There are 2 protein chains.
Amino acid sequence: MNNKDIIVRKSLGEIIAGYLKKDIYNKKIKFGERLIEADLAERFDVSRSTIREAFKILEQEELVFSKSRKGTFVSDFTEQDLNEMIELRLIIEPRAFVNAVSILNEENFRDLEQMIEKMKDTAEKSDWNALFDLDMQFHQYVVSMSDNSRMIKIYESINVQMRVYLAHLDQYYSSPKSFYQEHKELFDTLLKKDASLVEKKTIEHITNVGEKLLQNSSGD
Amino acid sequence: MNNKDIIVRKSLGEIIAGYLKKDIYNKKIKFGERLIEADLAERFDVSRSTIREAFKILEQEELVFSKSRKGTFVSDFTEQDLNEMIELRLIIEPRAFVNAVSILNEENFRDLEQMIEKMKDTAEKSDWNALFDLDMQFHQYVVSMSDNSRMIKIYESINVQMRVYLAHLDQYYSSPKSFYQEHKELFDTLLKKDASLVEKKTIEHITNVGEKLLQNSSGD
DNA sequence: TTTATGTCGATTGTCGACAAACAACTAATT
DNA sequence: AATTAGTTGTTTGTCGACAATCGACATAAA
(Lines give C-alpha, C1' and ligand atoms only; values in the text may rest on other atoms or scores of the structure.)
Protein backbone atom coordinates (compact mmCIF):
# COMPACT_ATOMS: atom_id res chain seq x y z
CA MET A 1 0.00 0.00 0.00
CA ASN A 2 2.09 2.84 1.24
CA ASN A 3 5.24 1.67 -0.45
CA LYS A 4 6.14 5.32 -0.34
CA ASP A 5 7.28 5.04 3.20
CA ILE A 6 9.49 2.01 2.94
CA ILE A 7 13.12 2.92 3.33
CA VAL A 8 12.75 5.94 1.12
CA ARG A 9 15.34 8.40 2.10
CA LYS A 10 13.37 11.54 1.79
CA SER A 11 15.01 14.71 0.65
CA LEU A 12 15.16 17.62 3.05
CA GLY A 13 12.56 19.41 1.02
CA GLU A 14 10.12 16.54 1.40
CA ILE A 15 10.67 16.35 5.12
CA ILE A 16 10.12 20.04 5.57
CA ALA A 17 7.04 19.95 3.36
CA GLY A 18 5.71 17.36 5.80
CA TYR A 19 6.34 19.61 8.78
CA LEU A 20 4.69 22.55 7.11
CA LYS A 21 1.73 20.44 6.12
CA LYS A 22 1.19 19.46 9.73
CA ASP A 23 1.48 23.07 10.78
CA ILE A 24 -1.27 23.94 8.34
CA TYR A 25 -3.45 21.07 9.55
CA ASN A 26 -2.94 22.19 13.11
CA LYS A 27 -3.67 25.80 12.34
CA LYS A 28 -0.21 26.89 13.44
CA ILE A 29 -0.06 28.50 10.06
CA LYS A 30 -3.19 30.37 9.11
CA PHE A 31 -5.12 30.86 5.90
CA GLY A 32 -3.57 33.38 3.59
CA GLU A 33 -0.43 33.71 5.65
CA ARG A 34 2.68 34.59 3.75
CA LEU A 35 5.53 32.15 4.07
CA ILE A 36 8.91 33.81 3.99
CA GLU A 37 11.67 31.69 2.57
CA ALA A 38 14.47 33.14 4.66
CA ASP A 39 12.57 32.79 7.90
CA LEU A 40 11.73 29.17 7.27
CA ALA A 41 15.26 28.51 6.12
CA GLU A 42 16.50 29.77 9.45
CA ARG A 43 13.84 27.93 11.43
CA PHE A 44 14.68 24.57 9.87
CA ASP A 45 18.35 25.38 9.48
CA VAL A 46 18.46 24.74 5.77
CA SER A 47 19.04 26.87 2.71
CA ARG A 48 16.36 28.75 0.86
CA SER A 49 16.68 26.34 -2.06
CA THR A 50 15.44 23.60 0.20
CA ILE A 51 12.52 25.67 1.37
CA ARG A 52 11.65 26.30 -2.24
CA GLU A 53 11.75 22.59 -2.84
CA ALA A 54 9.28 22.15 0.00
CA PHE A 55 7.04 24.87 -1.41
CA LYS A 56 7.01 23.08 -4.72
CA ILE A 57 5.56 20.00 -3.06
CA LEU A 58 2.94 21.91 -1.12
CA GLU A 59 2.04 23.82 -4.23
CA GLN A 60 1.27 20.61 -6.05
CA GLU A 61 -1.18 19.73 -3.32
CA GLU A 62 -2.52 23.25 -3.60
CA LEU A 63 -1.97 23.91 0.07
CA VAL A 64 0.04 26.97 -0.85
CA PHE A 65 0.31 29.09 -3.94
CA SER A 66 2.97 31.50 -5.05
CA LYS A 67 2.62 34.76 -6.85
CA SER A 68 5.52 35.75 -9.00
CA ARG A 69 7.83 38.07 -7.11
CA LYS A 70 5.25 38.44 -4.38
CA GLY A 71 5.92 35.35 -2.35
CA THR A 72 4.28 32.12 -1.29
CA PHE A 73 1.02 32.09 0.62
CA VAL A 74 -1.04 29.50 2.41
CA SER A 75 -4.18 28.81 0.42
CA ASP A 76 -7.33 29.99 2.04
CA PHE A 77 -10.44 27.96 1.52
CA THR A 78 -13.74 29.72 1.33
CA GLU A 79 -17.27 28.53 0.94
CA GLN A 80 -16.81 28.80 -2.80
CA ASP A 81 -13.90 26.39 -2.54
CA LEU A 82 -16.02 24.00 -0.55
CA ASN A 83 -18.67 24.12 -3.26
CA GLU A 84 -16.08 23.36 -5.91
CA MET A 85 -14.66 20.49 -3.93
CA ILE A 86 -18.06 18.97 -3.33
CA GLU A 87 -18.96 19.25 -6.98
CA LEU A 88 -15.76 17.49 -7.92
CA ARG A 89 -16.14 14.81 -5.30
CA LEU A 90 -19.64 14.18 -6.56
CA ILE A 91 -18.44 13.32 -10.01
CA ILE A 92 -15.20 11.57 -9.11
CA GLU A 93 -15.90 9.63 -5.96
CA PRO A 94 -18.97 7.66 -7.00
CA ARG A 95 -17.15 6.49 -10.09
CA ALA A 96 -14.04 5.62 -8.12
CA PHE A 97 -16.06 3.76 -5.50
CA VAL A 98 -17.94 1.78 -8.12
CA ASN A 99 -14.67 0.89 -9.84
CA ALA A 100 -13.22 -0.14 -6.51
CA VAL A 101 -16.09 -2.47 -5.67
CA SER A 102 -14.96 -5.06 -8.18
CA ILE A 103 -11.37 -4.81 -7.05
CA LEU A 104 -11.57 -4.79 -3.26
CA ASN A 105 -10.59 -8.14 -1.77
CA GLU A 106 -10.98 -9.57 1.70
CA GLU A 107 -7.76 -8.10 2.97
CA ASN A 108 -8.87 -4.69 1.80
CA PHE A 109 -12.15 -5.05 3.60
CA ARG A 110 -10.31 -5.99 6.78
CA ASP A 111 -8.19 -2.86 6.43
CA LEU A 112 -11.28 -0.76 5.94
CA GLU A 113 -13.09 -2.40 8.82
CA GLN A 114 -10.14 -1.62 11.03
CA MET A 115 -10.37 2.05 10.11
CA ILE A 116 -14.05 2.07 10.87
CA GLU A 117 -13.40 0.43 14.22
CA LYS A 118 -10.75 2.97 15.06
CA MET A 119 -13.17 5.66 14.00
CA LYS A 120 -15.68 4.34 16.50
CA ASP A 121 -13.18 4.54 19.35
CA THR A 122 -12.03 7.95 18.27
CA ALA A 123 -15.59 9.21 18.06
CA GLU A 124 -16.10 8.29 21.68
CA LYS A 125 -13.14 10.43 22.63
CA SER A 126 -14.52 13.28 20.49
CA ASP A 127 -11.10 13.71 18.93
CA TRP A 128 -12.12 15.57 15.82
CA ASN A 129 -8.61 15.92 14.49
CA ALA A 130 -8.06 12.18 14.55
CA LEU A 131 -11.53 11.61 13.12
CA PHE A 132 -10.77 13.81 10.16
CA ASP A 133 -7.57 11.91 9.54
CA LEU A 134 -9.42 8.62 9.58
CA ASP A 135 -12.12 10.01 7.34
CA MET A 136 -9.48 11.10 4.84
CA GLN A 137 -7.70 7.78 5.11
CA PHE A 138 -10.88 5.78 4.54
CA HIS A 139 -11.98 7.61 1.43
CA GLN A 140 -8.50 7.68 -0.02
CA TYR A 141 -8.09 3.96 0.54
CA VAL A 142 -11.17 3.12 -1.47
CA VAL A 143 -10.42 5.58 -4.23
CA SER A 144 -6.89 4.21 -4.48
CA MET A 145 -8.39 0.88 -5.43
CA SER A 146 -9.77 2.30 -8.63
CA ASP A 147 -7.23 1.64 -11.35
CA ASN A 148 -6.91 5.19 -12.58
CA SER A 149 -3.75 6.82 -11.29
CA ARG A 150 -4.88 10.25 -12.38
CA MET A 151 -8.15 9.95 -10.57
CA ILE A 152 -6.33 8.84 -7.45
CA LYS A 153 -3.99 11.79 -7.60
CA ILE A 154 -6.74 14.29 -8.18
CA TYR A 155 -8.74 12.88 -5.33
CA GLU A 156 -5.73 13.01 -3.05
CA SER A 157 -5.41 16.69 -3.70
CA ILE A 158 -9.07 17.42 -2.99
CA ASN A 159 -8.91 15.23 0.07
CA VAL A 160 -6.03 17.15 1.57
CA GLN A 161 -7.78 20.41 0.89
CA MET A 162 -10.98 19.17 2.51
CA ARG A 163 -8.88 18.15 5.48
CA VAL A 164 -7.54 21.66 5.85
CA TYR A 165 -10.98 23.14 5.41
CA LEU A 166 -12.37 20.93 8.16
CA ALA A 167 -9.47 21.69 10.48
CA HIS A 168 -10.20 25.38 10.22
CA LEU A 169 -13.84 25.21 11.19
CA ASP A 170 -14.31 26.32 14.74
CA GLN A 171 -17.40 24.29 15.31
CA TYR A 172 -18.39 21.03 13.78
CA TYR A 173 -21.52 20.24 12.01
CA SER A 174 -22.52 17.09 13.77
CA SER A 175 -21.71 14.82 16.66
CA PRO A 176 -18.66 12.56 16.47
CA LYS A 177 -21.01 9.67 16.82
CA SER A 178 -23.09 10.48 13.76
CA PHE A 179 -19.87 11.18 11.89
CA TYR A 180 -18.83 7.64 12.66
CA GLN A 181 -22.29 6.32 11.87
CA GLU A 182 -22.23 7.84 8.42
CA HIS A 183 -19.02 6.08 7.57
CA LYS A 184 -20.13 2.82 9.08
CA GLU A 185 -23.12 2.87 6.75
CA LEU A 186 -20.94 3.64 3.77
CA PHE A 187 -18.69 0.74 4.69
CA ASP A 188 -21.62 -1.62 5.06
CA THR A 189 -22.83 -0.64 1.63
CA LEU A 190 -19.43 -1.39 0.16
CA LEU A 191 -19.56 -4.83 1.72
CA LYS A 192 -22.63 -5.64 -0.30
CA LYS A 193 -20.67 -5.11 -3.50
CA ASP A 194 -23.70 -3.85 -5.34
CA ALA A 195 -22.46 -1.26 -7.81
CA SER A 196 -25.60 0.80 -8.21
CA LEU A 197 -26.23 0.77 -4.49
CA VAL A 198 -22.68 1.91 -3.83
CA GLU A 199 -23.06 4.70 -6.33
CA LYS A 200 -26.26 5.88 -4.74
CA LYS A 201 -24.89 5.71 -1.22
CA THR A 202 -21.68 7.49 -2.12
CA ILE A 203 -23.55 10.35 -3.70
CA GLU A 204 -25.79 10.51 -0.67
CA HIS A 205 -22.82 10.57 1.68
CA ILE A 206 -21.04 13.38 -0.11
CA THR A 207 -24.20 15.41 -0.56
CA ASN A 208 -24.86 15.03 3.12
CA VAL A 209 -21.41 16.20 4.13
CA GLY A 210 -21.62 19.10 1.75
CA GLU A 211 -24.99 20.28 2.97
CA LYS A 212 -24.04 20.13 6.59
CA LEU A 213 -20.79 21.94 6.05
CA LEU A 214 -22.36 24.69 4.02
CA GLN A 215 -25.12 25.12 6.55
CA ASN A 216 -22.44 25.34 9.18
CA SER A 217 -20.18 27.83 7.46
CA SER A 218 -22.99 30.21 6.62
CA GLY A 219 -23.52 30.68 10.33
CA ASP A 220 -19.92 31.66 10.94
CA MET B 1 -9.60 36.03 -21.14
CA ASN B 2 -5.87 35.58 -21.24
CA ASN B 3 -5.05 38.31 -18.78
CA LYS B 4 -2.06 36.12 -18.06
CA ASP B 5 -0.25 37.42 -21.05
CA ILE B 6 -0.69 41.11 -20.53
CA ILE B 7 2.54 42.76 -19.53
CA VAL B 8 3.39 39.93 -17.18
CA ARG B 9 7.09 39.81 -16.90
CA LYS B 10 7.60 36.11 -16.82
CA SER B 11 10.38 34.65 -14.78
CA LEU B 12 13.17 32.88 -16.59
CA GLY B 13 11.88 29.58 -15.33
CA GLU B 14 8.48 30.20 -16.88
CA ILE B 15 9.99 31.18 -20.20
CA ILE B 16 12.16 28.11 -20.32
CA ALA B 17 9.27 25.89 -19.29
CA GLY B 18 7.48 27.27 -22.35
CA TYR B 19 10.37 26.38 -24.64
CA LEU B 20 10.62 22.88 -23.24
CA LYS B 21 6.89 22.41 -23.59
CA LYS B 22 7.07 23.25 -27.26
CA ASP B 23 9.98 20.87 -27.67
CA ILE B 24 7.87 18.12 -26.20
CA TYR B 25 4.91 18.98 -28.42
CA ASN B 26 7.16 18.93 -31.44
CA LYS B 27 8.79 15.68 -30.49
CA LYS B 28 12.21 17.28 -30.22
CA ILE B 29 12.25 15.73 -26.79
CA LYS B 30 11.05 12.17 -26.73
CA PHE B 31 8.98 10.13 -24.31
CA GLY B 32 10.91 8.95 -21.30
CA GLU B 33 13.94 11.03 -22.11
CA ARG B 34 16.00 12.16 -19.19
CA LEU B 35 16.45 15.88 -18.86
CA ILE B 36 19.79 16.82 -17.40
CA GLU B 37 19.79 20.03 -15.45
CA ALA B 38 23.34 21.05 -16.26
CA ASP B 39 22.90 20.49 -19.98
CA LEU B 40 19.76 22.56 -20.15
CA ALA B 41 21.36 25.22 -17.98
CA GLU B 42 24.13 25.52 -20.52
CA ARG B 43 21.79 25.40 -23.50
CA PHE B 44 19.65 28.25 -22.19
CA ASP B 45 22.54 30.01 -20.49
CA VAL B 46 20.95 30.08 -17.06
CA SER B 47 21.71 28.45 -13.75
CA ARG B 48 20.50 25.07 -12.66
CA SER B 49 18.16 26.70 -10.17
CA THR B 50 16.30 28.25 -13.05
CA ILE B 51 16.05 24.93 -14.85
CA ARG B 52 14.65 23.43 -11.68
CA GLU B 53 12.11 26.19 -11.59
CA ALA B 54 11.10 25.28 -15.13
CA PHE B 55 10.88 21.60 -14.20
CA LYS B 56 8.57 22.49 -11.36
CA ILE B 57 6.14 24.06 -13.79
CA LEU B 58 6.25 21.16 -16.22
CA GLU B 59 5.84 18.75 -13.37
CA GLN B 60 2.63 20.42 -12.37
CA GLU B 61 1.28 19.81 -15.85
CA GLU B 62 2.58 16.27 -15.57
CA LEU B 63 4.62 16.61 -18.72
CA VAL B 64 7.67 15.52 -16.79
CA PHE B 65 8.20 13.71 -13.53
CA SER B 66 11.21 13.49 -11.29
CA LYS B 67 12.49 10.60 -9.30
CA SER B 68 14.37 11.51 -6.19
CA ARG B 69 18.09 11.55 -6.88
CA LYS B 70 17.53 9.93 -10.25
CA GLY B 71 16.63 12.91 -12.33
CA THR B 72 13.76 14.39 -14.26
CA PHE B 73 12.18 12.55 -17.16
CA VAL B 74 9.69 13.35 -19.86
CA SER B 75 6.43 11.55 -19.15
CA ASP B 76 5.62 8.82 -21.56
CA PHE B 77 2.02 8.21 -22.36
CA THR B 78 0.86 4.72 -23.04
CA GLU B 79 -2.45 3.21 -24.01
CA GLN B 80 -3.19 2.83 -20.31
CA ASP B 81 -2.71 6.57 -19.90
CA LEU B 82 -5.06 7.22 -22.78
CA ASN B 83 -7.66 5.02 -21.10
CA GLU B 84 -7.28 6.96 -17.88
CA MET B 85 -7.56 10.28 -19.63
CA ILE B 86 -10.67 9.25 -21.52
CA GLU B 87 -12.29 7.96 -18.34
CA LEU B 88 -11.59 11.25 -16.64
CA ARG B 89 -12.75 13.32 -19.55
CA LEU B 90 -15.95 11.33 -19.62
CA ILE B 91 -16.83 12.32 -16.10
CA ILE B 92 -15.50 15.87 -16.10
CA GLU B 93 -16.22 17.23 -19.52
CA PRO B 94 -19.94 16.54 -19.82
CA ARG B 95 -20.49 18.22 -16.48
CA ALA B 96 -18.32 21.15 -17.42
CA PHE B 97 -20.05 21.54 -20.76
CA VAL B 98 -23.48 21.44 -19.19
CA ASN B 99 -22.41 24.02 -16.63
CA ALA B 100 -21.02 26.17 -19.39
CA VAL B 101 -24.23 26.12 -21.42
CA SER B 102 -25.99 28.45 -19.02
CA ILE B 103 -23.02 30.78 -18.88
CA LEU B 104 -21.90 31.12 -22.48
CA ASN B 105 -22.94 34.44 -23.99
CA GLU B 106 -23.03 35.70 -27.56
CA GLU B 107 -19.46 36.89 -27.50
CA ASN B 108 -18.34 33.48 -26.32
CA PHE B 109 -20.22 31.84 -29.14
CA ARG B 110 -18.55 34.14 -31.62
CA ASP B 111 -15.16 33.17 -30.20
CA LEU B 112 -16.04 29.52 -30.50
CA GLU B 113 -17.39 29.89 -33.99
CA GLN B 114 -14.16 31.54 -34.99
CA MET B 115 -12.18 28.56 -33.74
CA ILE B 116 -14.44 26.22 -35.67
CA GLU B 117 -13.97 28.29 -38.78
CA LYS B 118 -10.23 28.26 -38.37
CA MET B 119 -10.45 24.52 -37.85
CA LYS B 120 -12.20 24.17 -41.15
CA ASP B 121 -9.44 26.03 -42.97
CA THR B 122 -6.76 24.11 -41.15
CA ALA B 123 -8.41 20.82 -41.96
CA GLU B 124 -8.18 21.63 -45.63
CA LYS B 125 -4.45 22.09 -45.27
CA SER B 126 -4.23 18.81 -43.35
CA ASP B 127 -2.13 20.55 -40.73
CA TRP B 128 -2.62 18.10 -37.88
CA ASN B 129 -0.44 19.97 -35.46
CA ALA B 130 -2.49 23.11 -35.81
CA LEU B 131 -5.69 21.07 -35.70
CA PHE B 132 -4.72 19.58 -32.38
CA ASP B 133 -3.99 23.02 -31.00
CA LEU B 134 -7.40 24.24 -32.09
CA ASP B 135 -9.05 21.14 -30.68
CA MET B 136 -7.37 21.76 -27.34
CA GLN B 137 -8.27 25.43 -27.43
CA PHE B 138 -11.91 24.74 -28.20
CA HIS B 139 -12.48 22.26 -25.43
CA GLN B 140 -10.55 24.32 -22.91
CA TYR B 141 -12.53 27.41 -23.78
CA VAL B 142 -15.84 25.78 -23.02
CA VAL B 143 -14.61 24.07 -19.88
CA SER B 144 -13.21 27.38 -18.66
CA MET B 145 -16.74 28.74 -18.70
CA SER B 146 -17.79 26.38 -15.96
CA ASP B 147 -17.38 28.17 -12.67
CA ASN B 148 -15.25 25.60 -10.96
CA SER B 149 -11.60 26.64 -10.91
CA ARG B 150 -10.45 23.20 -9.82
CA MET B 151 -12.28 21.51 -12.64
CA ILE B 152 -10.75 23.94 -15.09
CA LYS B 153 -7.29 23.28 -13.80
CA ILE B 154 -7.69 19.52 -13.85
CA TYR B 155 -9.03 19.63 -17.36
CA GLU B 156 -6.16 21.80 -18.48
CA SER B 157 -3.72 19.20 -17.29
CA ILE B 158 -5.49 16.36 -19.06
CA ASN B 159 -5.81 18.47 -22.15
CA VAL B 160 -2.10 19.13 -22.35
CA GLN B 161 -1.37 15.48 -21.87
CA MET B 162 -3.81 14.52 -24.60
CA ARG B 163 -2.08 17.02 -26.82
CA VAL B 164 1.26 15.35 -26.27
CA TYR B 165 -0.24 11.93 -26.81
CA LEU B 166 -1.72 13.01 -30.12
CA ALA B 167 1.49 14.65 -31.22
CA HIS B 168 3.35 11.40 -30.77
CA LEU B 169 1.09 9.27 -32.89
CA ASP B 170 2.65 8.59 -36.23
CA GLN B 171 -0.58 8.14 -38.03
CA TYR B 172 -3.90 9.72 -37.37
CA TYR B 173 -7.12 8.02 -36.81
CA SER B 174 -9.33 9.87 -39.21
CA SER B 175 -9.32 12.45 -41.91
CA PRO B 176 -8.81 16.10 -41.02
CA LYS B 177 -12.21 16.74 -42.51
CA SER B 178 -14.09 14.38 -40.21
CA PHE B 179 -12.04 15.74 -37.32
CA TYR B 180 -13.44 19.16 -38.16
CA GLN B 181 -16.90 17.77 -38.74
CA GLU B 182 -16.98 16.24 -35.27
CA HIS B 183 -16.25 19.55 -33.68
CA LYS B 184 -18.64 21.42 -35.86
CA GLU B 185 -21.41 19.13 -34.67
CA LEU B 186 -20.41 19.61 -31.08
CA PHE B 187 -20.49 23.35 -31.56
CA ASP B 188 -23.90 23.22 -33.18
CA THR B 189 -25.20 21.25 -30.23
CA LEU B 190 -23.86 23.86 -27.83
CA LEU B 191 -25.71 26.52 -29.79
CA LYS B 192 -28.99 24.84 -29.00
CA LYS B 193 -28.35 25.33 -25.30
CA ASP B 194 -30.20 22.17 -24.40
CA ALA B 195 -28.47 20.75 -21.34
CA SER B 196 -29.35 17.10 -21.74
CA LEU B 197 -28.58 17.19 -25.44
CA VAL B 198 -25.21 18.78 -24.75
CA GLU B 199 -24.44 16.13 -22.18
CA LYS B 200 -25.31 13.35 -24.56
CA LYS B 201 -23.35 14.82 -27.43
CA THR B 202 -20.29 15.51 -25.29
CA ILE B 203 -20.19 11.94 -24.07
CA GLU B 204 -20.60 10.75 -27.61
CA HIS B 205 -17.79 12.96 -28.83
CA ILE B 206 -15.31 11.81 -26.21
CA THR B 207 -16.25 8.18 -26.56
CA ASN B 208 -15.76 8.50 -30.26
CA VAL B 209 -12.32 10.04 -29.93
CA GLY B 210 -11.32 7.44 -27.39
CA GLU B 211 -12.42 4.50 -29.48
CA LYS B 212 -10.70 5.71 -32.60
CA LEU B 213 -7.48 6.44 -30.78
CA LEU B 214 -7.39 3.09 -29.03
CA GLN B 215 -8.16 1.31 -32.25
CA ASN B 216 -5.34 3.25 -33.81
CA SER B 217 -2.73 2.67 -31.14
CA SER B 218 -3.34 -1.06 -30.98
CA GLY B 219 -2.16 -1.29 -34.55
CA ASP B 220 1.14 0.45 -33.81
C1' DT C 1 -5.97 66.90 1.07
C1' DT C 2 -4.46 64.34 -2.75
C1' DT C 3 -1.11 62.69 -5.96
C1' DA C 4 3.54 61.84 -7.49
C1' DT C 5 8.43 60.82 -6.59
C1' DG C 6 12.31 59.07 -3.95
C1' DT C 7 14.42 56.27 -0.44
C1' DC C 8 15.26 52.17 2.26
C1' DG C 9 14.68 47.66 4.31
C1' DA C 10 12.75 43.23 3.33
C1' DT C 11 12.13 39.50 0.16
C1' DT C 12 12.39 36.86 -4.05
C1' DG C 13 15.06 35.65 -8.48
C1' DT C 14 19.15 33.85 -10.06
C1' DC C 15 23.77 32.40 -9.79
C1' DG C 16 27.98 29.37 -9.15
C1' DA C 17 30.23 26.02 -5.97
C1' DC C 18 30.78 21.98 -3.16
C1' DA C 19 29.16 17.54 -1.23
C1' DA C 20 26.50 13.34 -1.69
C1' DA C 21 24.51 9.83 -4.48
C1' DC C 22 24.42 7.29 -8.53
C1' DA C 23 25.84 4.45 -12.76
C1' DA C 24 29.10 2.20 -15.37
C1' DC C 25 33.27 0.07 -15.48
C1' DT C 26 37.35 -2.64 -13.85
C1' DA C 27 39.66 -5.75 -10.95
C1' DA C 28 39.61 -9.27 -7.54
C1' DT C 29 37.62 -13.29 -5.45
C1' DT C 30 34.96 -17.46 -5.40
C1' DA D 1 31.32 -17.55 -15.31
C1' DA D 2 29.31 -15.19 -11.54
C1' DT D 3 29.58 -12.34 -7.68
C1' DT D 4 31.76 -8.81 -4.93
C1' DA D 5 34.41 -4.71 -4.02
C1' DG D 6 36.72 -0.74 -5.53
C1' DT D 7 37.24 3.32 -8.78
C1' DT D 8 35.89 7.15 -11.41
C1' DG D 9 33.06 10.41 -13.95
C1' DT D 10 28.39 12.20 -14.08
C1' DT D 11 24.40 14.21 -12.07
C1' DT D 12 21.47 15.77 -8.35
C1' DG D 13 21.00 17.84 -3.50
C1' DT D 14 22.05 21.65 -0.87
C1' DC D 15 24.34 25.76 0.24
C1' DG D 16 25.44 30.86 0.65
C1' DA D 17 25.84 35.23 -2.00
C1' DC D 18 24.52 38.99 -4.98
C1' DA D 19 21.14 41.41 -7.90
C1' DA D 20 16.44 42.74 -8.92
C1' DT D 21 12.03 43.77 -7.22
C1' DC D 22 8.58 44.96 -3.97
C1' DG D 23 6.04 47.53 -0.20
C1' DA D 24 5.87 51.08 3.03
C1' DC D 25 7.00 55.30 4.43
C1' DA D 26 8.47 59.95 3.84
C1' DT D 27 8.83 63.97 1.26
C1' DA D 28 7.58 67.11 -2.37
C1' DA D 29 4.37 68.99 -5.72
C1' DA D 30 -0.36 69.99 -7.18
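Just so it is clear, the values below take in all heavy atoms, side chains as well, and ignore hydrogens, waters and symmetry mates. Only a predicted model underlies this, so the values are computations on that prediction, with no experimental measurement involved. Sequence lines set the chain letters: A, B, ... in the order given, protein chains first and strands last, and positions in each chain run from 1.
For B:F109, the ring-ring contact (aromatic ring centres under 6.0 Å, His included) criterion is met by no residue, not counting sequence neighbours.
The NZ-P distance, from A:K56 to D:dT12, rounds to 12 Å in whole Å. A straight line from CD of A:E42 to P of C:dA10 spans 13 Å, rounded to a whole angstrom. Summarising the geometry, the separation between NZ on B:K70 and C1' on C:dA23 is reported as 10 Å, rounded to the nearest angstrom. Taking atom CZ of A:R34 as the reference point, atom P of C:dA10 lies 13 Å away to the nearest angstrom. In this entry the distance linking CD1 of A:I36 with C1' of C:dT11 reads 7 Å, nearest Å. At whole-Å resolution of the value, CG in A:L35 and P in C:dA10 are 19 Å apart.
Salt bridge status for B:D135 with B:R163: absent, with no side-chain N to carboxylate O gap under 4.0 Å. For the pair B:E87 and A:R95, the salt-bridge criterion is met [side-chain N within less than 4.0 Å of a carboxylate O]. Ion pairing between A:E59 and B:K56 holds under the 4.0 Å rule for side-chain N and carboxylate O.
Side chains of A:L186 and A:F97 form a contact here, defined as non-hydrogen atoms less than 4.5 Å apart.
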- Summarise how protein sits on nucleotides 14-19 of chain D as a single string, 5' to 3': B when a protein heavy atom is under 4.0 Å from the base, S for sugar-phosphate-only contact, - for no contact. BBBB--
- Given A:L134 and A:F138, is the side-chain contact (heavy atoms from CB on, under 4.5 Å) satisfied, shown in steps? CA-CA 6 Å; A:L134 285 166; A:F138 180 84; over 6 Å; no
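Here B:I51 lies out of heavy-atom contact (under 4.0 Å) with every strand.
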